[in-house]
Number of protein chains: 2
Amino acid sequence: MALRYALLGLLSERPASGYDLAKAFEGELGSYAWHAGHNRIYPELARLVDEGLIKHADEGARGRRTYAVTEAGRTELRNWLLTPRTGGAVRNEPVLRLFLLSALDPEDARKVLRDIADSSERQIAELGEAMAGDTPVSPDGRLPFGWLAAGYGLRQYEAAHDWALWALGELDKVTRRPPTSHP
Amino acid sequence: MALRYALLGLLSERPASGYDLAKAFEGELGSYAWHAGHNRIYPELARLVDEGLIKHADEGARGRRTYAVTEAGRTELRNWLLTPRTGGAVRNEPVLRLFLLSALDPEDARKVLRDIADSSERQIAELGEAMAGDTPVSPDGRLPFGWLAAGYGLRQYEAAHDWALWALGELDKVTRRPPTSHP
DNA sequence: CGATGCATGTAACGCGTTACATGATTAC
DNA sequence: GTAATCATGTAACGCGTTACATGCATCG
């Protein structure tokens, strides 16, 4: 049920074809929030047209068809965004891995935790660079798509980094070793 | 592919029946990491037995069958946990909502952000209470299942809270209003 | 003896992934 | 002219959800 809202959201930025939308999912949106390939996108676009949430906007070369969001579509998206998620079914593999850490012996768990510390550090550097400088403002007086989400990502990775270091300390406590020093 | 590792992880704590496992998913594991009902669990247990990753351990009253992890199962779980996730397909609805925030007008976006700030504050209070006091140690000298994950959750919610307040400030900037004061 | 909880399964359906398949245009 | 890119679809399969279905044991 989420793909349709991703599509409505992208189309509410500007009209686009299925091909354009597939490319949009290959950027930050797709890597951090929701991914979909053209094979899922085309059938869903057809359904959205059926339901009157988007409409055919233009026909271009090579069979290119662009779609635009309708008023009904805008309303539908707005309702969804304003309705707080109902604690729905969770399927979060990275978090599952953290839960299962206690199934590893301490040496292996340390390996995993150091990996997390390292990779989150890299992500922080990347995102921090992307967000350096002033708050950007689009000509229409809105925040650019993804700017707020990037800020969220940055804080999440900082939290993950903090956590990994704390967890290494916790592990040291129960194995009664002196704190490991890793450069 | 993740459910099987959740099951292997739970069974590596202690042998359990399908029914026990279904209950385990109703706790923190199911609310934060991965959820599954008995309908998914029973077929997957059958498959794991077929593949030799778990084995039949005991037969009890009312048709109760408990399973235990085999050496092959332990190895499989360990390999999975030690293999860093390959940036696989992302499907994270809460984050998708953040990306789409720019599709809302500023007044609506503020509503959503205040909701997030409030709910994360509640979660922080809950988790903070659960984690108050010293690091618990099980008799076998291991950290209890879920302890590290709880620490992760706490930091995530703190990050979300921080972010929501920051995002409200960013919104104020582009709409050129004085910072909102909300109690 | 009826309600609740323990305990296990099957069937239909939807969403997502991987693979298969096709054709038009542009760049070299 | 041929390779890359634009552009759109279909089919098979797997995982997850919702709903359907059954039976035993304990508590009051």
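Bear in mind the structure is a predicted one, so any value in this text is a computation, not a measurement. Lettering of chains follows the sequences in order, A, B, ..., and the numbering in each one begins at 1.
- Rounded to an integer number of Å, the gap from NZ of A:K23 to P of D:dT8 is 11 Å.
- Heavy-atom contacts of chain A under 4.0 Å fall on DNA chain C between two terminal nucleotides, which in 5' to 3' order are C:dC15 to C:dT25.
- A straight line from OH of A:Y19 to P of D:dC6 spans 3 Å, rounded to a whole angstrom.
- The stretch residues 104-130 of chain A participates, sequence neighbours left out, in no ring-ring contact (aromatic ring centres under 6.0 Å, His included) pair at all.
- Checked against salt bridge (charged side-chain N to carboxylate O under 4.0 Å, His left out), A:R62 has no partners two or more places apart in sequence or in another chain.
- Atom OH of B:Y42 is separated from atom P of D:dA21 by 19 Å (rounded to the nearest Å).
- B:R64 meets the side-chain hydrogen bond (donor to acceptor under 3.5 Å, both in side chains) test with B:S17, B:D20; sequence neighbours excluded.
- Looking at residues two or more places apart in sequence or on another chain, you find a side-chain contact (heavy atoms from CB on, under 4.5 Å) between B:A6 and A:L96, B:F25.
- B:L127 is linked by a side-chain contact (heavy atoms from CB on, under 4.5 Å) to B:A150, B:L154, B:Y157, counting only residues two or more places apart in sequence or in another chain.
- Shortest non-hydrogen contact noted between A:L100 and B:L81 is O-CD1, 3.6 Å.
- Remark: B:N92 pairs with B:V90, B:P94, B:V95 by the side-chain contact (heavy atoms from CB on, under 4.5 Å) rule, at least two apart or across chains.
- The separation between A:L21 atom CG and D:dC6 atom P is 15 Å, rounded to whole Å.
- Within residues 44-68 of chain A, the residues approached by DNA chain D to less than 4.0 Å at the level of any non-hydrogen atom are A:R62, A:G63, A:R64, A:R65, in residue-number order.
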Name every donor-acceptor pair, under 3.5 Å, that has one atom in a side chain of residues 39-46 of chain A and the other anywhere in the protein, sequence neighbours excluded.
residue: A:Y42; atom: OH; partner: A:Y19; partner atom: N; Å: 3.4

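- A side-chain hydrogen bond (donor to acceptor under 3.5 Å, both in side chains) check over residues 124-135 of chain A, counting only residues at least two apart or in different chains, returns the pairs A:T135-B:E170, A:T135-B:K173.
- A:R91 meets the side-chain hydrogen bond (donor to acceptor under 3.5 Å, both in side chains) test with no other residue; sequence neighbours excluded.
- Axis angle between the ends of the helix from C:dC1-D:dG28 to C:dC28-D:dG1, five pairs each and rounded to 10 degrees, works out to 20°.
- With contacts defined as side-chain heavy-atom distances shorter than 4.5 Å, the pair A:E93/B:Y5 does not qualify.
- Looking at which nucleotide of DNA chain C each of B:D20 and B:N39 is closest to, the 5′-most match is held by B:D20.
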